[in-house]
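What follows is a single structure, written as structure tokens, with notes after it.
None of these values were measured; they are calculated from a predicted model. For ligands, and for the atoms within them, numbers begin at 1 and follow the listed sequence. The basis for the numbers below is simple: all heavy atoms, side chains too, and nothing from hydrogens, waters or symmetry mates.
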Amino acid sequence: MSRKLEFVDLKTQYAALKDRVAERMQRVLDHGQYIMGPEVKELEERLAASTGARHCITVASGTEALLISLMALGLKPGDEVVTTPFTFAATAEMIVLIGAVPVFVDIEPDTCNIDATQIEAAITTRTKAIMPVSLYGQVADMDTINAVAQRHGLAVIEDAAQSFGATYRGGRSCNLSTLGCTSFFPSKPLGCYGDGGAIFTSDDALAQACREIRVHGQSARYTHTRVGVGGRMDTLQCAIVLAKLERFEWELAQRHALGARYAELLRDVSGVRLLAVRPDRDCVWAQYTVFVERRAQVQAALAAQGIPTAVHYPRPLHRQPVYAPLHRGPELTHSIAAAEAVLSLPMSPDLTRSDQDRVVAALAQALAPS
Ligand SMILES: Cc1ncc(COP(=O)(O)O)c(C=O)c1O
């Protein structure tokens, strides 16, 4: 069998950053402020500036970012949050965890992002927020979503776990709505070497609430003014993200170039349909996902040639055992169809052109009529 490719090549990335990462980590080990050390503030300032948001609050993970955001908005049991079913479980999970109810709206069949034109019909007197997901690294239709939210007095939380660095109509993902939440899970566009995440907002009161909730609701040391969580991001992980920032613009350019090259190479491969990218935004390709026919067979054929693939996601949340009983609306046919056809191919800034050629050739071969 040929050499096995990495689905996400973090080893080459680490090799390129090894000295900077070691230096940054050593500095933390020397000063010893492992929790809420100076790197936490430094990272928050750098990230806020890069998105244009007034505040960045680092937290323990992308999941924690969603939870703390929902808590900061003061959502109560029984409140409703309109969201997409075609996402990682954490999106709806955090809504349910605080006792609120996710109301699932179908996706656009070509981008797999929430269909913003269907949101208004899902709003009731109990709706408090809309939570779109910028899936695969492409921002959802935020202007339409924000306009609906404004008409109904709702907050918007962008689940930007997969889209840090993406642009939308001149703005940056994470700074396009009331709150933006991202993840620094290692394979994300901007990852750490463990768990981490961040919340972005330009609302001073919400930022303060998030900061307090992150540390058990403390407004001052041992003064607990609200219910919070233990949701801090370690200083060491912040130091790692700071080291990675030095390469991040180059990595984004690589993601764009590799995404464009995949599209070019796959455009005429029969049995493959490309994800649409709207002309007013870009995609940072957290995953390079396409739609294929005969997916199980294709995956097996690629695996036999040492090419790993993944399915993001095989079952929409309104069809998951734990969330299915909550779904009251119409059947979400585009989400179901996407779940049957999506296939993510190897993607990371260090994917070489020759490995990319190998993936495309294997895919074309697997889909060729026999
Ligand atoms: C869309 C989405 N939301 C939330 C999360 C949760 O992020 P984390 O793994 O950092 O908790 C992820 C991570 O996979 C995600 O892809």
Can you pull out the closest protein heavy atom to atom 9 (O) of ligand 1? Residue, atom name and distance to 0.1 Å, please. F185 CD1, 3.9 Å
min-distance protein heavy atom vs atom 6 (C) of ligand 1 -> T63 OG1, 3.4 Å
Residues [X], [Y]: salt bridge by 4.0 Å N-O rule:
X: E331; Y: R319; result: yes
X: E246; Y: R24; result: no
X: E120; Y: R151; result: yes
X: R247; Y: D350; result: yes
X: K41; Y: E45; result: yes

Check for me whether E64 has a heavy atom closer than 4.0 Å to any atom of ligand 1. no
Strictly under 4.0 Å, does any heavy atom of Y136 approach an atom of ligand 1? no
Classify the side-chain pair D30/Q26 by whether it contains a donor and acceptor separated by less than 3.5 Å. yes
Would you say the side-chain atoms of S177 and E158 include a donor-acceptor pair closer than 3.5 Å? no
If you count the atoms of ligand 1 from 1 in the order shown, which ones are under 4.0 Å from a heavy atom of [X]?
X: V133; answer: 1 (C)
X: S183; answer: 7 (O), 8 (P), 10 (O)
X: T87; answer: 1 (C)

Polar-atom distance check: D159 versus ligand 1, any N or O pair below 3.5 Å? yes
N or O pair under 3.5 Å between A90 and ligand 1: no
